[in-house]
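First the structure, in the form of C-alpha cells, and then the observations on it.
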Amino acid sequence: MNKEELNKIKEKALEEHIPIIMDDTLEVIEEYLSKEKPKNFLEIGTAVGYSAICFTEFLDKYGTIDTIERDLDRIKEAKENIKKVGLEDKINIYEGDAVEILPTLNKKYDAIFIDAAKGKYPFFLKESLRMLKDTGIIFADNILYKGYVLSDYNKHKQRTAVRNLREYIKETTENPELETKILEVGDGLAITRKK
Ligand code: SAH
Ligand code: MG
C-alpha cells in the first residue's frame with residue numbers, strides 16, 4: 001500500500017477533526033492482527049476509511065473488511081480514499097445506520113472493531129457477540145471516553161454515552177463467558193474474547 005497516500009488521508013482527517021483511531025490504539029490492534037491474521041473483519045464506524053485501510057495490511061492474504069457508516073459525506077470520502085489506495089476489493093462499505101444493518105448480517109467474523117455511536121455500544125456488543133467466531137476478538141475504541149467513564153463525574157452532557165460505555169464494560173467484564181482487558185491507550189480500548 002502507498003504509505004504517502006495513507007498519510008495524506010490521515011492528515012486531512014485530523015485537520016477536519018474527524019475522530020480517527022489514535023496511533024497508540026492502532027499499534028495495539030495491529031499487533032493482535034499481525035499475530036492472528038483474521039480473514040473476516042467487521043468494523044462499525046468507517047468515517048473516511050482510515051482505520052479500515054490500516055487494518056487491511058494485517059489481515060489474512062484473502063481477508064476482507066466489512067465496515068458500516070451512516071454519514072453520506074464520509075461514505076463518499078471513504079470510497080474515494082479506498083480507491084486511491086487500491087483496496088476496493090478488500091473493503092466493503094455497508095451504507096446506513098449500524099443499528100439497522102447489523103441485525104441483517106449473518107456472517108461470522110474473526111475480529112470486530114466497534115468505533116461508532118457510544119450510546120449504542122451495548123447493542124453493538126450484543127450483535128458482535130452473535131457474529132463473533134469462538135476464537136474471535138472484539139476491540140471497542142473510546143471505551144474510557146476522555147476519562148469520564150471511570151470517574152464519578154456524571155453531570156456531563158454526554159452522560160448517556162458514559163452510561164452506555166459503563167454498561168459495555170460491565171457486560172464484558174462480568175459475563176463469565178467473556179474475557180476482557182481495558183487498556184488506557186488513546187481514548188481507551190476494550191479487548192474482549194470468548195473463553
Ligand atoms: N474507525 C474510524 C473512525 C470512526 S469515527 C477510523 O478510526 O478511521 C465514528 C464514525 O461512526 C463516524 O463517522 C459516524 O458517522 C459513524 N457512526 C456513528 N454512529 C453510527 C451508526 N449508528 N451507524 C453507522 N455509523 C455510525
Ligand atoms: Mg474511535
Side-chain angles (χ1 to χ4, degrees), residues 1 3 5-30 32-33 38 41-59 64-85 87 90-105 109 111-128 131 138-149 158 160-162 164-165 168-169 182-192:
M1 191 212 309
K3 288 279 172 198
E5 205 57 67
L6 181 64
N7 231 6
K8 275 195 226 160
I9 293 168
K10 179 182 177 184
E11 292 305 322
K12 181 163 187 283
L14 290 174
E15 267 167 36
E16 294 175 1
H17 304 288
I18 293 167
I20 57 169
I21 191 168
M22 291 171 86
D23 289 338
D24 52 352
T25 310
L26 185 62
E27 239 174 74
V28 170
I29 296 180
E30 286 180 346
Y32 276 90
L33 301 185
F41 190 109
L42 174 67
E43 175 180 76
I44 307 171
T46 318
V48 294
Y50 175 70
S51 54
I53 291 169
C54 293
F55 296 149
T56 51
E57 198 174 329
F58 299 88
L59 302 182
T64 54
I65 298 189
D66 290 329
T67 179
I68 309 173
E69 177 57 53
R70 66 178 175 192
D71 181 286
L72 292 178
D73 293 331
R74 290 194 178 164
I75 292 169
K76 184 167 171 275
E77 195 169 336
K79 284 182 180 168
E80 288 165 7
N81 288 338
I82 290 163
K83 194 163 176 213
K84 274 186 212 154
V85 294
L87 291 174
K90 292 262 167 202
I91 303 174
N92 161 50
I93 305 180
Y94 285 110
E95 302 178 22
D97 197 313
V99 173
E100 278 152 35
I101 290 174
L102 286 167
T104 71
L105 303 182
Y109 290 99
I112 299 176
F113 180 51
I114 300 174
D115 192 21
K118 299 174 187 75
K120 295 285 166 3
Y121 269 37
F123 178 76
F124 295 156
L125 175 67
K126 188 173 123 244
E127 286 297 299
S128 296
M131 291 187 280
I138 301 175
F139 303 97
D141 193 24
N142 308 97
I143 200 70
L144 298 177
Y145 196 14
K146 302 177 182 168
Y148 302 144
V149 170
Q158 304 292 3
T160 307
V162 170
N164 282 288
L165 293 170
Y168 184 102
I169 293 175
I182 310 281
L183 304 184
E184 288 185 18
V185 290
D187 197 24
L189 179 70
I191 305 178
T192 299

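When a residue number appears, it is its place in the shown sequence, counting from 1. All of these numbers come straight from a predicted model, not from anything done at the bench. Start at 1 and go down the list; that is how both ligands and their atoms are numbered.
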Taking 2.8 Å as the limit, list every protein N, O or S atom around the Mg ion (ligand 2), by chain and residue number. Asp115 OD1, Asp141 OD2, Asn142 OD1

Do Phe139 and Val28 have side chains that approach each other closer than 4.5 Å (heavy atoms only, starting at C-beta)? no

Should the pair Phe55 and Phe41 be assigned to parallel (<30°), tilted (30 to 60°) or perpendicular (>60°) ring geometry? tilted

Sequence neighbours excluded, which residues qualify as side-chain contact (heavy atoms from CB on, under 4.5 Å) partners of Ala52? Glu43, Ile65, Ile91

Parallel, tilted or perpendicular, judged at 30° and 60°: which one describes the rings of Tyr148 and Tyr145? perpendicular

Which N or O atoms of ligand 1 sit under 3.5 Å from a protein N or O, and how far apart is each pair?
from	atom 1	to	atom 2	distance (Å)
ligand 1	1 (N)	Gly45	O	2.8
ligand 1	1 (N)	Ser51	OG	2.9
ligand 1	1 (N)	Asp115	OD2	2.8
ligand 1	7 (O)	Ile21	N	2.8
ligand 1	7 (O)	Ser51	OG	3.2
ligand 1	8 (O)	Ser51	N	3.0
ligand 1	8 (O)	Ser51	OG	3.3
ligand 1	13 (O)	Glu69	OE1	2.8
ligand 1	13 (O)	Glu69	OE2	3.3
ligand 1	13 (O)	Arg74	NH1	2.9
ligand 1	15 (O)	Glu69	OE2	2.6
ligand 1	19 (N)	Arg70	NH2	3.4
ligand 1	19 (N)	Ala117	N	3.2
ligand 1	22 (N)	Arg70	NH1	3.4
ligand 1	22 (N)	Asp97	OD1	2.9
ligand 1	23 (N)	Ala98	N	2.8
ligand 1	25 (N)	Arg70	N	3.4

Partners meeting salt bridge (charged side-chain N to carboxylate O under 4.0 Å, His left out) with Lys12 (sequence neighbours left out): Glu16, Glu77

Assess whether a salt bridge exists between Glu69 and Lys79, defined as any Lys/Arg side-chain N lying under 4.0 Å from an Asp/Glu carboxylate O. no

Does atom CD (Glu184) have a neighbourhood of more than 12 heavy atoms from anything else shown, all under 6.0 Å? no

So, taking the atom named OG1 in Thr25 and the one named CG in Leu189, what distance separates them when rounded to the nearest 0.5 Å? 6.0 Å

Between the side chains of Lys84 and Glu80, is the shortest nitrogen-to-carboxylate-oxygen separation below 4.0 Å, so that they form an ion pair? no

